[in-house]
Amino acid sequence: AVNPPVQRVSTLLLSKVSELYGTEIQTYGLEGMAVHRTLEQALMEIEGGAAVQLVPSGLAACTLPFFALCKSGDHVLVSDSVYGPTRRFCDRLLKNMGVETTYFAPRIEAAALADLIRANTKLLFLESPGSLTFEIHDTKALTDVARARGLKSAIDNTWSAGVFFKPFEHGVDISIQALTKYQAGHADVLMGAILSADKAIAAQIKQTSKDIGFGVSPDEAYLALRGLRTMHIRLKQHDATAREVAAWLATRPEVAQVLHPALPNSPDHALWKRDFTGAAGLFGVVLKPCSEAQLAAMLEGYKHFGLGFSWGGYESLVIPCDPQVKRSATTWTAEGPLLRYS
Ligand SMILES: *Cc1c(COP(=O)(O)O)cnc(C)c1O
């Protein structure tokens, strides 16, 4: 068979008593089987790194590095444009664990970031572009500062699918993917992956996942792997179609601004051009001011765009984002409502 077998496993049988404890031999099904290893290998072929940890959701992939690298009394730096549930995690669970979060402006300069680093700062958490507001970090400049001061950096790299942006070439230690999006690609799987730049971080991530007890079903891993087989081709089409729709929207009188990094008039286009080799099919649109009723009528009236969360599947989606945009280091000011199209 060209494909790995889908093995449903809790128990593995070992042939010797001496194999049960304290060896490198796999003794239990929680860490997955052949299909998991094949998926991990494929993800590393795309993005590089020393190891991959699969986890049950993209959000779990965002939160696990904090558990792995921080303890009570520590401090972390998180982009103000970060995925909403990652921010919620920092503000609730991480805070209750005694880890303090400072949010920083997504377009912060390296020197200003350096000023925010404290003796107990352990992690710099990036997301580029922000999945609602599409700011792009000067990633290398920020990770250079982190590295010089001895803290690790992680990036939520879901937008690029690991194809259009290569975090390890920009000094990042941990790259996070919500495989739920383009890798799975068909709106029928929830899964996350954490790619580590080196073996030492990978070991910390793996041990923490084990301590928490995360496991990923072989059926789901198989679906993610199956999706991955066609991802490059789908991405090309997502990119081409989204650029066409975004460029058209930019001509509309109802639109104040299109937030699509590949459009020359878009904010952060220069950074995107320097660091990325393509664009996802996910972008933002700021409308000119209108009433809530007008906005709802437009969104509910679409024939081709469904009203729903997530993205990266085969279906076109749109959501109004304003309720999700939470800021503390910066203020989000826009002329009118913010929408996100996939
Ligand atoms: C969807 C998403 C996640 C979370 O993925 P889930 O599998 O839905 O938990 C994390 N980060 C970004 C940028 C996302 O778009």
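Atoms within each ligand, like the ligands themselves, are counted from 1 in listed order. Note that this is a predicted model, so its numbers are computed, not measured.
- A cation-pi geometry, defined here as NZ or CZ lying under 6.0 Å from the six-membered ring centre and within 45° of its normal, holds between Arg87 and Tyr103.
- Between Trp159 and Phe134, the two ring planes are perpendicular [angle over 60°; tilted spans 30° to 60°].
- More than 12 heavy atoms of other residues, nucleotides or ligands shown are found within 6.0 angstrom of CZ on Arg274.
- The six-membered or imidazole ring of Tyr341 lies near that of Phe283, with a centre-to-centre distance under 6.0 Å.
- A donor-acceptor pair shorter than 3.5 Å cannot be found between the side chains of Asn157 and Glu127.
- Closest approach of Ala193 and Val55 over heavy atoms only: N-CG2, 4.4 Å.
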Taking a 3.5 Å cut-off between nitrogen or oxygen atoms, can you list every pair linking ligand 1 to the protein, with distances?
| from | atom 1 | to | atom 2 | distance (Å) |
| --- | --- | --- | --- | --- |
| ligand 1 | 7 (O) | Gly58 | N | 2.7 |
| ligand 1 | 7 (O) | Thr180 | OG1 | 2.5 |
| ligand 1 | 9 (O) | Gly58 | N | 3.2 |
| ligand 1 | 9 (O) | Leu59 | N | 2.9 |
| ligand 1 | 11 (N) | Asp156 | OD2 | 2.6 |
| ligand 1 | 15 (O) | Lys181 | NZ | 2.6 |
| ligand 1 | 15 (O) | Trp311 | NE1 | 3.0 |

